[in-house]
Amino acid sequence: MNTSSFDPKQFRQALGAFTTGVTIVTTRGPDNLDYGLTANSFNSVSIDPPMVLWSINKDSSSAKAFTKGSHFAVHILSTDQESLSNRFAKSSVDKFAELKLQRGPNDIPLLDGCSARFQCKTTYQYEGGDHIILVGEVLAFDHFDKAPLVFHSGSYRRLVSPTSLGKESVIYGENWLGFLLGRAYYQLQLPIRKQLKDLGMQDRDFELLGILSFSEGSTLEELNQLFDFTGKALLSEQLMLWIQKGLLILNEQRLQFTDQGRQLAIQWLAFAKAAEMQALESLSYEEAQQLKLLIGRIIQFTGTDLPTYWRKENIWQDNNIWQQADAILTTG
Ligand SMILES: Cc1cc2nc3c(=O)[nH]c(=O)nc-3n(C[C@H](O)[C@H](O)[C@H](O)COP(=O)(O)O)c2cc1C
């Protein structure tokens with residue numbers, strides 16, 4: 001086979017099928033400066049004597065520091081070190097700026113917050129095409145209780161532990177999707193409910209607001225149909241109260257926000273968005289997108305028999321004040 005005809009991109013993509021952790025390897029150069037780079041070529045070699053290896057691209061600006069240096073440290077990154085990994089995967093930045101460092105043998109820089117750390121003495125170096133393979137004897141190591149960052153097909157990933165999934169599935173009630181979604185929804189609303197109380201509003205006002213936020217301009221009958229689907233009745237007294245407070249008006253049989261009502265609604269929705277952002281801090285951006293995508297799929301699959309007025313394409317249109325709430329939130 002003529003290997004020189006390999007398409008480098010396709011070759012790289014095929015290699016990316018091999019799922020790895022992510023490390024930052026650091027050293028102290030002969031010029032007494034700190035060097036480091038992100039590397040996923042790390043692997044274990046020997047238990048006795050304890051040895052590890054990794055490889056560095058000959059074109060890397062820190063290659064010389066590693067091949068001339070006597071020691072290096074390998075840091076296996078934890079899930080919350082994705083941005084550090086990105087920092088060390090670029091050449092031209094001060095990678096160590098503002099990092100809390102410890103020092104190992106020959107003053108090699110040691111980073112905090114990783115899953116595991118190996119301090120090594122460089123024992124062998126091998127030519128490996130456009131890379132140099134560095135083998136190190138492990139002089140000391142640390143293992144911290146932190147979940148590792150994962151790299152697969154060119155993207156960062158996180159592990160979902162099968163043992164934790166197993167544990168949850170024992171208690172069926174707690175693992176029922178409806179319960180999980182309901183509980184997440186309830187807890188997501190807690191900060192908003194507090195804000196509502198401070199504004200003198202009640203929980204059911206938020207429900208009305210939620211439905212009006214994508215159905216403003218509906219007739220009373222249409223609004224009733226939307227409520228009907230939630231299993232709760234729309235209380236006419238509640239609507240009357242909103243009208244009396246100057247938040248809603250009936251205009252040619254259609255319900256519309258007054259300016260005051262719209263401002264209040266947008267403010268509440270901004271609270272809701274803020275609560276969402278806070279809740280999503282527990283997930284990476286990618287996980288949050290996946291979660292929404294998967295829930296969206298369930299909504300689509302279970303909603304095929306829904307009445308037309310409940311279908312997204314019919315209700316999620318121009319009369320939607322969520323975008324205005326977004327604008328408020330992003331401009332502060
Ligand atoms: C996940 C990931 C893994 C990487 N693995 C390696 C590797 O094993 N060896 C290597 O030389 N470069 C690797 N790189 C690329 C280097 O981190 C990148 O070229 C960096 O800019 C080198 O820094 P330097 O030029 O300051 O030496 C990897 C990058 C990423 C994002």
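Whatever order the structure lists ligands and atoms in, that order sets their numbers, starting from 1. What's counted below: heavy atoms across the whole structure, side chains too, no hydrogens, waters or symmetry copies. For reference, positions follow the sequence shown, starting with 1.
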*asked:* Checking the side chain of T79 only, and the main-chain atoms of R158 only, is there a donor and an acceptor separated by less than 3.5 Å?
replied: no
*Is any side-chain heavy atom of Y35 closer than 4.5 Å to a side-chain heavy atom of F72?*
no
Next item on the list: Please check if the side chain of R117 supplies one atom and the backbone of A73 the other of a donor-acceptor pair under 3.5 Å.
Entry: no
So, does F42 sit close enough to ligand 1 that a heavy atom of it is under 4.0 Å from the ligand? no
Examine S60 against ligand 1 and note whether any of their N/O atoms are separated by less than 3.5 Å. yes
A student checking ligand 1 against K90 at a 4.0 Å heavy-atom cut-off should list atoms 21 (O)
for atom 25 (O) of ligand 1, nearest protein heavy atom and its distance come out as S91 OG, 2.5 Å
- Any N or O on S85 sitting closer than 3.5 Å to an N or O of ligand 1? no
Backbone N/O of L77 and side chain of K146: donor-acceptor pair under 3.5 Å: no
Closest to atom 27 (O) of ligand 1 among protein heavy atoms sits S62 OG, 2.3 Å
### Query
Quick check: does any side chain N or O of Q81 sit under 3.5 Å from a backbone N or O of L149, one acting as donor and the other as acceptor?
no
re atom 2 (C) of ligand 1, the protein heavy-atom contact at minimum distance is T38 CG2, 3.8 Å
TODO: Could you label the plane-to-plane angle of the W242 and W268 rings as parallel, tilted or perpendicular, counting under 30° as parallel and over 60° as perpendicular?
DONE: perpendicular
Per-atom filter on ligand 1: closer than 4.0 angstrom to a heavy atom of F88 are 17 (O), 20 (C)
If you scan protein heavy atoms around atom 11 (O) of ligand 1, the nearest is N57 N, 2.8 Å
Would you give me the side-chain donor-acceptor pairs under 3.5 Å for residues 13-25, sequence neighbours excluded?
from: T19; atom 1: OG1; to: H152; atom 2: ND1; distance (Å): 2.7
from: T20; atom 1: OG1; to: N40; atom 2: ND2; distance (Å): 3.4
from: T23; atom 1: OG1; to: A39; atom 2: O; distance (Å): 2.6

> Do Q256 and I249 have side-chain heavy atoms sitting under 4.5 Å apart?
Replying inline: yes
Checking heavy-atom distances from atom 10 (C) of ligand 1 to each of L37, L134, V22, V25, the winner is L37
Under 4.0 Å between heavy atoms, the region of K95 that gets near ligand 1 turns out to be side chain
query: Taking the non-hydrogen atoms of F151, is any one of them nearer than 4.0 angstrom to ligand 1?
result: yes
Looking only at heavy atoms, the pair that brings R262 and F257 closest together is N-CB, 3.7 Å
_When you compare the side chain of L110 with that of D142, does any pair of heavy atoms fall below 4.5 Å?_
no
Checking heavy atoms under 4.0 Å, the part of S55 that sits near ligand 1 is backbone
Closest to atom 8 (O) of ligand 1 among protein heavy atoms sits S41 OG, 2.6 Å
min-distance protein heavy atom vs atom 24 (P) of ligand 1 -> S61 OG, 3.2 Å
Any heavy atom of Y35 under 4.0 Å from ligand 1? The part involved is neither
- Taking the side chain as every heavy atom from C-beta outward, state whether Y124 and I133 have any pair of such atoms under 4.5 Å apart. no
Here the gap from Q289 atom CD to S284 atom OG, rounded to the nearest 0.5 Å, amounts to 9.5 Å
The atoms of ligand 1 lying under 4.0 Å from a heavy atom of I56, numbered in the order shown, are 11 (O)
**Prompt:** If you measure every N/O of Y156 against every N/O of ligand 1, is any gap under 3.5 Å?
**Reply:** no
In this structure, atom 18 (C) of ligand 1 is nearest to the protein heavy atom A89 O, 3.5 Å
